[in-house]
Amino acid sequence: MNSLFSRLLLTLALGFMAYPSSGGESPAVVKDWRPYAQRSALMPQMEMDEAGILISSASGGFSCNGAWRKTFPIKENQSYRFSVQFQSKDVSLPRRSILAQIDWKDKNGKRVGQPDYPPNIGADAEGWMTIAGVFSPSPGAELAVVDLIFRWDAQGKVRWKNPAFAESAPLAPRKVVLATVNYRPRNSKGSQENREAYRRFLRQAGEKGADIVCLPEGITIVGTPLSIIDAAETIPGPSTKFLGETAKEFSMYIVAGIYEQTGEIVYNTSVLIDRQGQLAGTYRKTSLPREEIEDGVTPGGEFPVFQTDFGKIGMMICWDVFFPEPARALASQGAEIILLPIWGGNEDLIKSRAIENQIYLITSSFDARTGIWNRRGEMAAEAKENGSVALYEADLNEQTLWEWLGDYRARIPRESPVVKGEIK
């Protein structure tokens, strides 16, 4: 009872604007940041220290859900930049419990469009995480209601500093030309002949301005008499050297599936070659089908994400797409594009992985469609014929807005369920 009484006293002291009867805030401009909760029973402990740091602390129950709120007047056809820094302590699941929300409202305080959720963009040396982004208000909005939210935690604390909301130039496009190759060698004598055959299609992609191009799974074995073990090679090795020459010639990234030999172990591996022709990373297929297991292939155990000069990418291989975990692991680390060398697969699952993670997914296949899938699960570009190349220019900074949902990608980490083992 004492805890409840204390919260009620705090409520009265801070003013009734924090708890309007409708569950929202008055459309009048609020000069200072004020505590807000949907219901008083959910309000975290809220205080401001002498340095002007806003503090949100768990009030003893998991159900706490409140925010520091401020309302800003906005102009039509004007973009705005929001930023804030926070430090947290003992918060079990920050991705769901700590966030900022920008709610666009008309002059009467009615929501128009859908709210935006600025992303986390990194921490400084002192552990202050920055949340920031540039946004264009929904049509008809005259107010931006900004919330610094702390929720669903029984014992944590969040400290907020330097919240800012100001006019800004629009977010600049971040364009990348994606490419993929549909080609299946036949009656080939071996790996080197296959590599040489793929050079022609890589050059086609390079000449058309591709920033990154995807080749299929097992490019050194398809159409040859070789077994997986026969075709396995070291990394770096003959294939990475060959791919590196063409990548450097056209200053583009290349992804391709080969079989990797390390000691007595063989992996089904996808390699990433950078614009300088250097090996930039590898991914070892984690989801092995029975056929590869019987051939003596060993699964990998990690889902690496790679920073390129246009954004973050991840790689999967074939059977990985049949399971939600690999794509979700990559997207949760910030992958915006997933490249999928694939022998053949289920198109419905390819679409699902693109939609449920809101990523571009590039397939290069022998027995399935080869193409570039957008965040809506649509084939944005397709290489239909054997011996063809598809290209698509994507703007990675462009929001994909879904009816009733808004920016689904921004909502995923904040609203998706807790995975077993995620909370330590």
Worksheet item: Is any side-chain heavy atom of Q333 closer than 4.5 Å to a side-chain heavy atom of F303?
Response: yes

Worksheet item: Where the side chain of E233 meets the backbone of S239, is there a donor-acceptor pair that is under 3.5 Å apart?
Response: yes

Worksheet item: Looking at K110, R69, R111, which hits salt bridge (charged side-chain N to carboxylate O under 4.0 Å, His left out) with D103?
Response: R111

Item to complete: Starting from the C-alpha separation in whole Å, work towards a yes-or-no answer on salt bridge (Lys or Arg N to Asp or Glu O under 4.0 Å) for R369 and E382.
Response: CA-CA 7 Å; R369 286 209 288 170; E382 181 180 3; 3.0 Å; yes

Discussion item. Can a donor-acceptor pair be found, under 3.5 Å and without considering hydrogens, that links the side chain of Y283 to the backbone of T286?
Written reply: yes

Worksheet item: Would you say the side chains of S79 and S136 form a donor-acceptor pair under 3.5 Å?
Response: yes

Worksheet item: Can you check whether A383's main-chain N or O pairs, donor with acceptor, with T370's side chain at less than 3.5 Å?
Response: no

Item to complete: Compare every heavy atom of E336 with every heavy atom of G311, then report the nearest pair and how far apart it is.
Response: CA-OE1, 3.3 Å

Fill in: Side chain T240, main chain G237, donor-acceptor under 3.5 Å
yes

Worksheet item: So, the side chain of R199 versus the backbone of R195: is there a donor-acceptor pair under 3.5 Å, distance only?
Response: no

Fill in: Full working for side chain to side chain contact (heavy atoms under 4.5 Å, CB included) between I228 and V297
CA-CA 8 Å; I228 288 176; V297 178; 4.0 Å; yes

Item to complete: For S97 and D153, run side-chain hydrogen bond (donor to acceptor under 3.5 Å, both in side chains): C-alpha distance rounded to whole Å, both residues' side-chain angles, the deciding distance at 0.1 Å, then the answer.
Response: CA-CA 7 Å; S97 295; D153 194 271; 4.6 Å; no

Item to complete: Measure the shortest side-chain to side-chain distance between I362 and I337 over non-hydrogen atoms and say whether it is less than 4.5 angstrom.
Response: yes

Discussion item. If we count only N and O atoms by modelled type, under 3.5 Å, do the side chains of W152 and S63 hold a donor and an acceptor together?
Written reply: no

Practice prompt. Could you tell me whether a side-chain N or O of R151 sits under 3.5 Å from a main-chain N or O of R96, the two making a donor and an acceptor?
Written response: yes

Discussion item. Does either side chain, that of D274 or that of Q278, offer a donor lying less than 3.5 Å from an acceptor on the other one?
Written reply: no

Worksheet item: Where is the tightest heavy-atom contact between L279 and P236, given as atom of each residue plus distance?
Response: CD2-CG, 4.2 Å

Worksheet item: If every non-hydrogen atom of F150 is compared with every non-hydrogen atom of K157, which pair is closest and at what distance?
Response: CZ-N, 4.3 Å

Practice prompt. Please assess Y183 against Y198 for the test ring-ring contact (aromatic ring centres under 6.0 Å, His included), listing each intermediate value before the final yes or no.
Written response: CA-CA 8 Å; Y183 178 63; Y198 277 107; 5.4 Å; yes

Worksheet entry | Any side-chain donor near an acceptor of the partner, T220 and N194, under 3.5 Å | no

Item to complete: Classify the side-chain pair S416/R95 by whether it contains a donor and acceptor separated by less than 3.5 Å.
Response: yes

Worksheet item: Just wondering, do W128 and R159 contact through their side chains at under 4.5 Å, heavy atoms?
Response: yes

Discussion item. I'd like to check V213 versus M252 (side-chain heavy atoms, cut-off strictly below 4.5 Å). Are they in contact?
Written reply: yes

Worksheet item: What are the two closest non-hydrogen atoms of K208 and L391, and how far apart are they?
Response: CD-CD1, 3.6 Å

Worksheet item: Would Q358 and W402 count as having a side-chain donor-acceptor pair, cut-off 3.5 Å?
Response: yes

Discussion item. Just checking E126: does its CD atom have more than 12 heavy atoms from other residues, nucleotides or ligands closer to it than 6.0 angstrom?
Written reply: no

Worksheet item: So do F323 and M316 actually touch side chain to side chain, heavy atoms under 4.5 Å?
Response: no

Discussion item. Donor-acceptor check, side chain of D90 to backbone of Q155, threshold 3.5 angstrom: yes or no?
Written reply: no

Discussion item. Are more than 12 heavy atoms, taken from residues, nucleotides or ligands other than K161, located less than 6.0 Å from that residue's NZ atom?
Written reply: yes

Worksheet item: Would you call L396 and V176 a side-chain contact if the rule is heavy atoms closer than 4.5 Å?
Response: yes

Worksheet item: Is the backbone N or O of I149 less than 3.5 Å from a side-chain atom of D147, with the two atoms forming a donor-acceptor pair by type?
Response: no

Practice prompt. Considering only NZ, NE, NH1 and NH2 on the basic side and carboxylate oxygens on the acidic side, decide whether E207 and R203 come within less than 4.0 Å.
Written response: no

Worksheet item: Going through the distances and angles, do Y117 and L99 end up as a side chain to side chain contact (heavy atoms under 4.5 Å, CB included)?
Response: CA-CA 7 Å; Y117 300 91; L99 64 150; 3.8 Å; yes

Practice prompt. May I have the step-by-step check of ring-ring contact (aromatic ring centres under 6.0 Å, His included) for Y253 and F310, ending in yes or no?
Written response: CA-CA 11 Å; Y253 294 86; F310 53 78; 5.6 Å; yes

Worksheet item: How about R409 and I359: do any of their side-chain heavy atoms sit closer than 4.5 Å?
Response: yes

Item to complete: For the residue pair F366 and W343, categorise the inter-ring angle as parallel (less than 30°), tilted (30 to 60°) or perpendicular (more than 60°).
Response: perpendicular

Anything under 3.5 Å between a donor and an acceptor, one on a side chain of residues 162-172, the other on a protein residue two or more places apart or in another chain? List them.
{"from": "N162", "atom 1": "ND2", "to": "Q85", "atom 2": "OE1", "distance (Å)": "3.0"}
{"from": "E167", "atom 1": "OE2", "to": "K75", "atom 2": "NZ", "distance (Å)": "3.0"}

Item to complete: Run the numbers on K312 and Q307 for side chain to side chain contact (heavy atoms under 4.5 Å, CB included), then give the verdict.
Response: CA-CA 5 Å; K312 289 185 177 180; Q307 181 68 58; 3.3 Å; yes

Worksheet item: Quick one: which of E217, R284, E260 gives a side-chain hydrogen bond (donor to acceptor under 3.5 Å, both in side chains) with N268?
Response: E217

Item to complete: List the steps and the verdict of side chain to side chain contact (heavy atoms under 4.5 Å, CB included) for V418 and L93.
Response: CA-CA 8 Å; V418 179; L93 193 57; 3.6 Å; yes

Worksheet item: Just wondering, do W160 and W68 contact through their side chains at under 4.5 Å, heavy atoms?
Response: yes

Practice prompt. Evaluate salt bridge (Lys or Arg N to Asp or Glu O under 4.0 Å) for E292 paired with K285, printing each intermediate quantity in order.
Written response: CA-CA 11 Å; E292 286 186 314; K285 185 176 180 179; 2.9 Å; yes

Worksheet, complete the sentence: Nearest heavy-atom contact between I258 and V271 is CD1-CG1, 4.1 Å

Worksheet entry | Pair Q45, S57: side-chain N/O donor-acceptor within cut-off below 3.5 Å | no

Worksheet item: So, the side chain of R353 versus the backbone of V321: is there a donor-acceptor pair under 3.5 Å, distance only?
Response: yes

Practice prompt. Indicate yes or no for a side-chain donor-acceptor contact from T363 to the backbone of S365 under 3.5 Å, with no hydrogens or angles considered.
Written response: no

Practice prompt. Please report the closest heavy-atom contact between I313 and A335, naming both atoms and the distance.
Written response: C-CB, 4.1 Å

